[in-house]
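Read the structure below first, then the notes.
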Amino acid sequence: QVQLVESGGGLVQAGGSLRLSCAASGRTFSGYYMGWFSQAPGKERKFVAAIGWSGGSTFYADSVKGRFTISRDNAKSTVDLQMNNLKPEDTAVYYCAAKFGVLRVSDTTRYAYWGQGTQVTVSS
């Protein structure tokens, strides 16, 4: 069992930046692949980014490549999402999630644990 708590959301103008953080507690954090997902109102939850156990492997949705950066600190049991050049279409609730194994990192059904989410709103 692992508990995840997101923070860092807020309201920002288009072109601005936000840094989301997810703090984990419970079982050994370094044993999980970690992901970030977003969900806009009335839409399905979608993959944003994921990171491997040591941070050496990272994965991004095409829509955020070059703008978002995922990182993790296993000593602190945290995973961050640095979001730059934000666009109004990035507006959503952002969720942190944890999974075992390396396969299908973009598949929501592969993630065993989820945080409660943090709201990101980008104004035009």
Exercise for the section: Under the side-chain contact (heavy atoms from CB on, under 4.5 Å) rule, what do S7 and L20 come out as? Steps first, then yes or no, please. Expected result: CA-CA 6 Å; S7 62; L20 305 183; over 6 Å; no

[X]-[Y] co-clustered via ILVMFWY side chain contacts under 4.5 Å:
{"X": "V2", "Y": "V105", "value": "no"}
{"X": "V79", "Y": "L4", "value": "yes"}
{"X": "Y111", "Y": "W53", "value": "yes"}

Practice task
Please check if any side-chain donor atom of S21 sits under 3.5 Å from a side-chain acceptor atom of D80, or the reverse.
Solution key: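 On atom types as modelled, these side chains qualify, holding a pair under 3.5 Å.
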
Practice task
Scan side-chain atoms only and decide if D73 and T78 contain a donor-acceptor pair under the 3.5 Å cut-off.
Solution key: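 No, because no side-chain N or O of D73 sits under 3.5 Å from a partner of the opposite role on T78.
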
Could you state the interatomic distance from [atom1] ([X]) to [atom2] ([Y]), rounded to the nearest 0.5 Å?
{"X": "R72", "Y": "I51", "atom1": "CZ", "atom2": "CD1", "value": "6.0 Å"}
{"X": "S124", "Y": "Q13", "atom1": "OG", "atom2": "CD", "value": "9.5 Å"}
{"X": "E6", "Y": "C22", "atom1": "CD", "atom2": "SG", "value": "5.0 Å"}
{"X": "K65", "Y": "T58", "atom1": "NZ", "atom2": "OG1", "value": "9.5 Å"}
{"X": "Q3", "Y": "S25", "atom1": "CD", "atom2": "OG", "value": "4.0 Å"}
{"X": "N84", "Y": "T69", "atom1": "CG", "atom2": "OG1", "value": "6.5 Å"}

Handout entry: Intermediate values then yes/no, side-chain contact (heavy atoms from CB on, under 4.5 Å), V120 and T91
Key = CA-CA 5 Å; V120 171; T91 295; 5.9 Å; no

Main chain of [Y], side chain of [X]: is a donor-acceptor contact present, judged purely on distance under 3.5 Å?
{"X": "Y60", "Y": "I70", "result": "yes"}
{"X": "Q82", "Y": "R19", "result": "no"}
{"X": "K99", "Y": "L103", "result": "yes"}

Exercise for the section: Check whether any side-chain heavy atom of F68 sits under 4.5 Å from a side-chain heavy atom of V48, and report yes or no. Expected result: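 Touching, per the 4.5 Å side-chain cut-off.
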
Exercise for the section: Check whether any side-chain heavy atom of Q119 sits under 4.5 Å from a side-chain heavy atom of Y94, and report yes or no. Expected result: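 The answer is no; the side chains never approach within 4.5 Å.
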
Handout entry: Contacts of type salt bridge (charged side-chain N to carboxylate O under 4.0 Å, His left out), residue R67, not counting sequence neighbours
Key =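 So R67 forms a salt bridge (charged side-chain N to carboxylate O under 4.0 Å, His left out) with D90.
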
Practice task
Could you go through the side-chain contact (heavy atoms from CB on, under 4.5 Å) check for V5 and Q116 one step at a time?
Solution key: CA-CA 7 Å; V5 179; Q116 293 300 306; over 6 Å; no

Practice task
Report the residue from V122, L86, T121 that forms a side-chain contact (heavy atoms from CB on, under 4.5 Å) with L18.
Solution key: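 For L18, the side-chain contact (heavy atoms from CB on, under 4.5 Å) test succeeds with only one of V122, L86, T121, which is L86.
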
For residues 28-43, which side-chain N or O atoms pair as donor and acceptor with protein atoms under 3.5 Å away, sequence neighbours left out?
unit_1, atom_1, unit_2, atom_2, d
Q39, OE1, R45, NE, 3.1
Q39, OE1, R45, NH2, 3.2
Q39, NE2, K43, O, 3.1

Exercise for the section: Take F59 and F47 through the test side-chain contact (heavy atoms from CB on, under 4.5 Å) and record every step on the way to the result. Expected result: CA-CA 10 Å; F59 310 85; F47 172 73; 4.0 Å; yes

